[in-house]
There are 2 protein chains.
Amino acid sequence: MQFSKSTDYALHSLIHLGNSERCNNVGIKELSAELGVSESYLSKIMSKLRRDGIVRAVPGVNGGYELARPADQITFLDVIQVIEGRQKLFECSNSSSRQHRLLAEEGPALRDPKRPEKNDCLVEKVMYGAEQHLYQYLREQTVQSVLDNAFKRCTHGANKN
Amino acid sequence: MQFSKSTDYALHSLIHLGNSERCNNVGIKELSAELGVSESYLSKIMSKLRRDGIVRAVPGVNGGYELARPADQITFLDVIQVIEGRQKLFECSNSSSRQHRLLAEEGPALRDPKRPEKNDCLVEKVMYGAEQHLYQYLREQTVQSVLDNAFKRCTHGANKN
DNA sequence: ATATTATGGATATCAAAGGTCTTTATTAAC
DNA sequence: GTTAATAAAGACCTTTGATATCCATAATAT
């Protein structure tokens, strides 16, 4: 269970965009040189980010990418969900097994006839909690907060001058 | 980014073991029938759990598996780390890129010569935080707590009698 | 001894990640 | 208008990991 390299590339690209001057598009050449990834592969990732409204892109001479909204409104969760997809972190693969009938048994009379055997898996419930915890944290982390951290370290170092 | 089916199988198997009588081994036949997975595949997963000290196994007639320690001392994190491995959730793939030299630059004089360019990635730092949050939650969830939940629901339903 | 059960190795299959190349569409500058 | 630069999209390839099966071996109770 690991985040993909694509997520890595996407996050670093966005940080670079957030760090460069406003109203100044950054081309795929610059980005790919910056990250050490091929232009063709990185451009696929940027296209995904564009389709999801994270960045804007203009083709043509002097074209390139820029953030589609302020850096403090682009969360890590946004980026991760674009790149990794939006499936649940965990899905029980055998909801109809005997174990679930036993563990989830509350007496047939109590069963809601509208939701026959959905969401009965207690393991899934726990893991869904894990997902919510993780997502809450990732929602609080933004492109801007990373830039702020970097800046803090710079000025901290510059105090000596 | 999703947990594997193997993790699913492992967790459900452990819950079944925790739910069955003490001093009574459960064979791979019973487990695989319970979960609807092949014996050969599930046995590989159980072997992993055994090598990591989560379950005990005895071969031979009437052999099988049992929990190696009390169910409240087997956390979800334990199981996940055995099955999914212990790599970090996120590893920066380009720590030596220009971006990191820029963002992590605190002035050459401030650099710790012992740790030249390790752990300089701010994205990795954020994601490490995410990992710690997730792990903290998963450490609090045990095989026993799932069984308790199931039991609570049963007695709750049985109140009507 | 024999039947039963777990273990480990070899192998097969399939999907997804990671990556390249080519063609097309769009834009600025000349 | 032509051209050079740039993003977009699709076809394709390779590698890797998850999932799974099968067989031979070891251990154990009866």
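The basis for the numbers below is simple: all heavy atoms, side chains too, and nothing from hydrogens, waters or symmetry mates. What you are looking at is a predicted structure, and each value in this text was computed from that prediction instead of being measured. Chain letters run A, B, ... following the sequence lines, proteins first, then strands; residues in each count from 1.
- Legend: residues meeting side-chain contact (heavy atoms from CB on, under 4.5 Å) with B:Ser4, ordered by chain and number and at least two apart, are B:Ser6, B:Thr7, B:Ile83, B:Glu84.
- Of the residues in residues 2-10 of chain B, B:Ser4, B:Lys5, B:Ser6, B:Tyr9 come within less than 4.0 Å of DNA chain D through at least one heavy atom, sorted by number.
- Within the 3.5 Å criterion, the main-chain N or O of A:Leu31 finds no donor-acceptor partner in the side chain of A:Tyr65.
- Side chain of B:Glu66 to backbone of B:Asn25: no donor-acceptor contact under 3.5 angstrom is found.
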For residues 67-74 of chain B, which side-chain donor-acceptor pairs fall under 3.5 Å, sequence neighbours excluded?
unit_1	atom_1	unit_2	atom_2	d
B:Arg69	NE	B:Gln73	O	2.7
B:Arg69	NH1	B:Gly53	O	3.4
B:Arg69	NH2	B:Gln73	O	3.3
B:Arg69	NH2	B:Asp78	OD2	3.1

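- At distances below 3.5 Å, not a single donor-acceptor pair connects side-chain atoms of B:Gln87 with backbone N or O atoms of A:Gln2.
- Judged by distance alone, the side chains of A:Glu30 and A:His16 do bring a donor and an acceptor atom under 3.5 Å apart.
- Between the side chain of A:Ser145 and the backbone N or O of A:Gln141, no donor-acceptor pair lies under 3.5 Å.
- For the side chain to side chain contact (heavy atoms under 4.5 Å, CB included) criterion with B:Leu138, the lone passing option out of B:Val79, B:Thr75, B:Leu77 is B:Leu77.
- Between B:Gln136 and B:Glu140, some side-chain heavy-atom pair lies under the 4.5 Å cut-off.
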Contacts under 3.5 angstrom, residues 128-135 of chain A side chains, donor-acceptor by atom type, not counting sequence neighbours:
unit_1	atom_1	unit_2	atom_2	d
A:Tyr128	OH	A:Gln132	NE2	3.4
A:Glu131	OE1	A:Leu89	N	2.6

Are there any protein N/O atoms within less than 3.5 Å of an N/O atom in nucleotides 7-10 of chain D, and if so, which ones and at what distance?
unit_1	atom_1	unit_2	atom_2	d
D:dA7	OP1	A:Ile28	N	3.1
D:dA7	OP2	A:Ile28	N	3.4
D:dA8	OP1	A:Arg50	NE	2.6
D:dA8	OP2	A:Ser47	OG	3.3
D:dA8	OP2	A:Tyr65	OH	2.7
D:dA9	OP2	A:Arg51	NH1	2.9
D:dG10	N7	A:Lys44	NZ	3.4
D:dG10	O6	A:Lys44	NZ	2.6

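- Summarising the geometry, the separation between CE on A:Met1 and C1' on D:dT19 is reported as 18 Å, rounded to the nearest angstrom.
- From the 5' end on, the contacts that DNA chain C makes with chain B at under 4.0 Å to a non-hydrogen atom open and close at C:dA3 to C:dA10.
- Protein atom CD of B:Glu66 is 14 Å distant from nucleotide atom P of D:dT28, rounded to whole Å.
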